[in-house]
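Data first, discussion second: the structure below is written as structure tokens.
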Amino acid sequence: MITSTIKTESHIEGVHRPGRWLALSVLVLAVLLVAVDATVLGLATPFLSEDLRPTGNQLLWIGDVYSFVIAGLLVSMGSLGDRIGRKKLLLIGATAFGAVSVLNAYATSPEMMIAARALLGVAGATLMPSTLALIRNLFHDPRERSLAIGIWGAMASAGAAVGPIVGGFLLEHFWWGSVFLINLPVMAVLVLVGVKLIPESKNPNPGPWDVPSVALSLVGVIGIVYAVKELASHGLSPDAGVAALIGVAGLAGFVRRQLTLPVPLLDMRLFRHRGFSGAVASDLLTILGLSGLVFFLSQFFQLVQGRQPLEAGLAELPAAIGAVTAGLVAGVVARRFSVRSVVAGGLAAVGLSLAVLTTLDQHTGYPLLGASLLVVGVGAGFSFTVTADVILSSVPKEQAGSASAVSETAYELGAALGIAILGSIVTGIYRGFAIPAGVPSDVASAAHESLGGAVEASGGLAPETATALVSSAQEAFVDGLRIASGVGAVVLLATAVAAWFLLKGQKLEDGVEH
């Protein structure tokens, strides 16, 4: 009887690890910060443009190179965490993230800013897969794990929407570099608390970390994303074609190498499972819609409707509220109804909200915009959280880092593509706007680079000419935003239909792991 009681208590402790919720709070802190950094520059863009004077292309690179680098390295870093220890990699990444944030804050040129953002992406890539993989090993009860992933997903989704609010508050009181310096105290807390609270975990039989695979995945992802970016901005061009070929060759080489390695960085056979592939695609496109919308509405609120940075950030709060609320209940709802109905419904909600924004004009009232942002947040919270749970539950605990990396790669690639594709459509249409008579050629050139550039360049013109230039630029920006929203809506609604079929029969786990 005593022996039986001891075994039961031991089993309960194994299933319900003490301190797991405190450990989770530290992990989601890291996720929130990495996600915030993906969009926090949205509001800082006008200030950064005035200070560093980047070209339109440089401005896009400053906005998305962070996510590009993270997306390219996530699979490699997730696999590295499986090998050297996820806690160790998390703490190394947190320290590096804080240090590189200082470099971002004090960048003195567009080129330095792009390089600093890329380095921040390298550090961020060490954090994201470690957090989700550690959750897989902290929570053995599937229902508890669904809630934990819901909290994690809420922070990841909400981070994209919280970024503008944090940025807005800081920009009201400090210079634009402050949006990076906030990383320092947060990462310090993460390291100090994480050392004590987070248990170490890794794959007991990991195999070697294959450096050629790391290089192939990085080249492949960045090549493809750059090609898409160039294609959307300038149409068919030699640069886009070369980048696409390099990207496809890199990814093909990566896949081929994974299929031949005894212990691959990523088990490509997982993608043969219809539910796994459907979850990954849904994951990516959910975040594409959310991040693209948040990034460009930040500029719309400020540069078109004339809101102050903090007011513009608060205007996007409904997206964060929706994402957090939906993320927390997503697991329960998916078990009550079905995985496919929750994911397809979430994708459709994001798509329909984007469709509503095709009616946007310079004077659109906030009730419509706020309602659209709320629905986008709810849809993203449901879809992203449930797909992350499906992906993580599809593999043994030993491969949690690699599976987490797949989910995170989809997230970051979605964020990068949201800014790149939708942003490039906006930029491409914007650059064609007609310059009013009497505007000097150098001012016209600056105005055509970005809406922020147009507002800044108009400062030296006569009042009537300045008003005409800014009005024309704002109208072109809104035209681009409408068309980009329409493209996004079509993609998201088509994905919702595909998810309905791909996720048929997919269920979340119910039984406790032994």
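This chain uses plain numbering: 1 for the first residue, then up along the sequence.
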Do the rings of Tyr366 and Phe301 sit parallel, tilted or perpendicular, given the 30° and 60° boundaries?
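Tyr366 and Phe301: tilted rings.
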Is there a donor-acceptor contact under 3.5 Å from the side chain of [X] to the main chain of [Y]?
X      : Y      : answer
Glu311 : Arg307 : no
Ser383 : Gly379 : no
Thr126 : Ala123 : yes
Thr325 : Gly322 : no
Arg340 : Leu503 : no
Gln305 : Thr364 : yes

Heavy atoms only: give me the nearest [X]-[Y] pair and the separation to one decimal.
X      : Y      : result
Val478 : Leu360 : CG1-O, 3.8 Å
Asn183 : Ser101 : ND2-OG, 2.8 Å
Ile182 : Val179 : CG1-O, 3.4 Å
Val426 : Ala484 : CG2-CB, 3.8 Å
Ala315 : Leu373 : O-CD1, 3.5 Å
Val69  : Ala118 : CG1-O, 3.5 Å

Nearest 0.5 angstrom please: [X] [atom1] to [Y] [atom2], how far?
X      : Y      : atom1 : atom2 : value
Leu297 : Ser485 : CG    : OG    : 7.5 Å
Thr359 : Leu368 : OG1   : CG    : 5.5 Å
Leu27  : Leu90  : CG    : CG    : 6.5 Å
Ile429 : Ile483 : CD1   : CD1   : 3.0 Å
Leu251 : Leu216 : CG    : CG    : 9.0 Å
Leu374 : Leu369 : CG    : CG    : 12.5 Å

Before giving the answer on side chain to side chain contact (heavy atoms under 4.5 Å, CB included), spell out for Leu190 and Val186 the whole-Å C-alpha distance, their side-chain angles and the decisive distance to 0.1 Å.
CA-CA 6 Å; Leu190 191 155; Val186 177; 5.7 Å; no
Is any side-chain heavy atom of [X] less than 4.5 Å from a side-chain heavy atom of [Y]?
X      : Y      : result
Pro264 : Leu259 : no
Phe477 : Gln362 : no
Val491 : Leu285 : yes
Ile151 : Trp21  : yes
Arg86  : Leu89  : no

For residues 341-354, which side-chain donor-acceptor pairs fall under 3.5 Å, sequence neighbours excluded?
| unit_1 | atom_1 | unit_2 | atom_2 | d |
| --- | --- | --- | --- | --- |
| Ser341 | OG | Ser338 | N | 3.3 |
| Ser341 | OG | Ser338 | O | 2.9 |
| Ser341 | OG | Ser338 | OG | 2.9 |
| Ser353 | OG | Ala349 | O | 3.0 |
| Ser353 | OG | Ser372 | O | 3.4 |

Please report the C-alpha distance between Asn104 and Tyr66 in whole Å, then the side-chain angles of each, then the deciding distance to 0.1 Å, and finally whether the side chain to side chain contact (heavy atoms under 4.5 Å, CB included) criterion is met.
CA-CA 11 Å; Asn104 279 263; Tyr66 170 77; over 6 Å; no
Go through the structure and list residues passing salt bridge (charged side-chain N to carboxylate O under 4.0 Å, His left out) with Arg482, not counting sequence neighbours.
Asp479
Looking at residues at least two apart in the chain, or sitting in another chain, which of them share a salt bridge (charged side-chain N to carboxylate O under 4.0 Å, His left out) with Glu475?
none
Pair Gln474, Phe300 - check side chain to side chain contact (heavy atoms under 4.5 Å, CB included), show working.
CA-CA 9 Å; Gln474 288 174 334; Phe300 174 81; over 6 Å; no
Test side chain to side chain contact (heavy atoms under 4.5 Å, CB included) applied to Phe97 and Leu119, step by step:
CA-CA 9 Å; Phe97 200 88; Leu119 288 173; over 6 Å; no
